[in-house]
Amino acid sequence: MNRHLRKAVLVAAAVTAGLVMTACQNGSDDASSGESGAGAAAVADKASGGKESKESKGSKGSKGSKGSEKSGGVSGSFKNGTVTYLAPYKYIVSVQGKDDQQFLVAEDTEVYGVGTICGEAGAKVDAPCTTDQLEAAVKKDAVSADVEMTNGVATLVTERRAAQQGGSDARDTVVEGVDKGKGVSGTWFGNVSYLAPGKYTVSDLKGVEQQFLLAEDTEIWGYGDICGDSNTDEGGQGGTECTEAELEAAAKKGFGAEVVVSNGIATTIRDDH
């Protein structure tokens, strides 16, 4: 009887110990699960914060918004306008009855002048100008001009003649004047300067510049300035026939020459070295 009682006590003790161990193990599991839960929450918070920061950065999207604004910029014609300077490469054109419109200029923006931006006021055709000449002129005072723009960038800026202020759109650029047979003709002795690809100016003794174009059949003779040797004889036989690339390189530095022009196109250019 005592033996059975002792066995029962031992079994009861073993069961009790097992329950205690299970409880302890469950407690440690709960603690570990609590820690892992807290860690997961922290990671989730961090990830959420990173996402929010990225989203907030993305919401600023300055470059993207600028790009979309550029692609969706204003396009159209602004006739009888007044152009004022705003910042480098940035201008405003004001047209009566319309809101002021900002615009940019690019490397391929065509600019034509009739005495204020560049060129001669009394010339029959508009002179091609550079964007630097446009900036210099507009910084001094507002310029009356027509502006064509695409996506907020000017493709053409044309200074208006005094007679155009009444609303006439008649104008002749160099090329248009040539096409209409209104280009200048004559012979000039002066300094030749580069203006744009295929476009040059020659200044007379008074410093008045006359712009002209080149053609495939323009004869270019060098005697040491454009190309060739200064020891050659006068005339086409003695000079060296030069290429347009050599003419362009020399004109960018400037050189004296005799230029024969017909309808705005040079037929013969001879440097006077």
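Of the N and O atoms on the side chains of T201 and Q211, not one donor lies less than 3.5 Å from an acceptor on the other residue. There is no side-chain donor-acceptor pair under 3.5 Å between T155 and E148.
Under the 4.5 Å side-chain criterion, counting only non-hydrogen atoms from C-beta, M149 is in contact with Q101. The shortest side-chain heavy-atom distance between D272 and D225 falls under the 4.5 Å cut-off. In this structure, the side chains of L86 and Q102 come closer than 4.5 Å at one or more pairs of heavy atoms. Proximity of E244 to L214: side-chain heavy atoms (C-beta onward) are separated by under 4.5 Å at one or more points. Taking 4.5 Å as the limit, every side-chain heavy atom of D217 sits out of range of all side-chain heavy atoms of T267. For the pair N151/S75, a side-chain contact is recorded, criterion being any heavy-atom separation below 4.5 Å from C-beta on. Under the 4.5 Å side-chain criterion, counting only non-hydrogen atoms from C-beta, Y200 is in contact with L247. Between V192 and F212 the shortest side-chain heavy-atom distance falls below 4.5 Å.
Taking both residues in full, the closest heavy atoms of V259 and A266 are given as CG1-CB, 4.2 Å, listed atom of the first, atom of the second, then distance. Taking every heavy atom of both residues into account, G113 and C129 meet most closely at N-SG, 3.2 Å. Residues E159 and A145 share a closest heavy-atom pair of CA-CB, 3.9 Å. The minimum heavy-atom distance between I117 and A137, with the atom names listed, is CA-CB, 3.8 Å. The minimum heavy-atom distance between G222 and C242, with the atom names listed, is N-SG, 3.3 Å. Taking every heavy atom of both residues into account, A127 and G119 meet most closely at CB-CA, 3.6 Å.
In the hydrophobic cluster analysis, where Ile, Leu, Val, Met, Phe, Trp and Tyr join through side-chain heavy atoms closer than 4.5 angstrom, V93 is grouped together with Y85. Under the 4.5 Å side-chain heavy-atom criterion for grouping Ile, Leu, Val, Met, Phe, Trp and Tyr, L195 is not connected to V261 through any hydrophobic cluster. Follow the hydrophobic side-chain contacts under 4.5 Å out from W188 and you reach I220 in the same cluster. When hydrophobic clusters are built by joining Ile, Leu, Val, Met, Phe, Trp and Tyr residues whose side-chain heavy atoms come closer than 4.5 Å, directly or via intermediates, I226 is grouped together with Y194. Using a 4.5 Å cut-off between side-chain heavy atoms of Ile, Leu, Val, Met, Phe, Trp and Tyr, with links allowed through other members, V157 and Y89 fall into the same hydrophobic cluster.
Of the options V83, V95, L156, a side chain to side chain contact (heavy atoms under 4.5 Å, CB included) to V147 is made by V83 and by none of the others.
Note that SG of C227 and CD of E246 are 4.5 Å apart. Values are rounded to the nearest 0.5 Å. A distance of 13.5 Å separates OG1 in T84 from NZ in K139, rounded to the nearest 0.5 Å. Separation of atoms CG (D100) and OG (S94) is listed at 3.5 Å; rounding is to 0.5 Å. R160 contributes atom CZ, which lies 10.0 Å from atom OG1 of T82 (distance to the nearest 0.5 angstrom).
Using a distance-only test at 3.5 Å, with no hydrogens or angles considered, a donor-acceptor pair links the side chain of N191 to the main chain of F255. Distance alone, capped at 3.5 Å, places no donor-acceptor pair between the E135 side chain and the D132 backbone. Distance alone, capped at 3.5 Å, places no donor-acceptor pair between the D271 side chain and the A257 backbone. Remark: the backbone N or O of A154 is paired with a side-chain donor or acceptor of T109 at under 3.5 angstrom.
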Would you please test T268 and W221 for side-chain contact (heavy atoms from CB on, under 4.5 Å) and show each step?
CA-CA 8 Å; T268 307; W221 296 97; 4.2 Å; yes
With side-chain hydrogen bond (donor to acceptor under 3.5 Å, both in side chains) as the criterion, how do D146 and T158 come out once you've worked through the C-alpha distance, each side chain's angles and the decisive distance to 0.1 Å?
CA-CA 5 Å; D146 298 334; T158 307; 5.8 Å; no
Criterion side-chain contact (heavy atoms from CB on, under 4.5 Å) on T240 and D229, from CA distance to verdict
CA-CA 8 Å; T240 302; D229 191 343; 5.7 Å; no
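Note on ring orientation: taking the six-membered ring where Trp is involved, the planes of F103 and Y91 are parallel (angle under 30°, cut-offs 30° and 60°).
Geometric assessment of K98 against the ring of F78 yields a positive cation-pi assignment under the 6.0 Å and 45° thresholds.
Here E248 does not pair with K253 in a salt bridge; the nearest charged N to carboxylate O distance is not below 4.0 Å.
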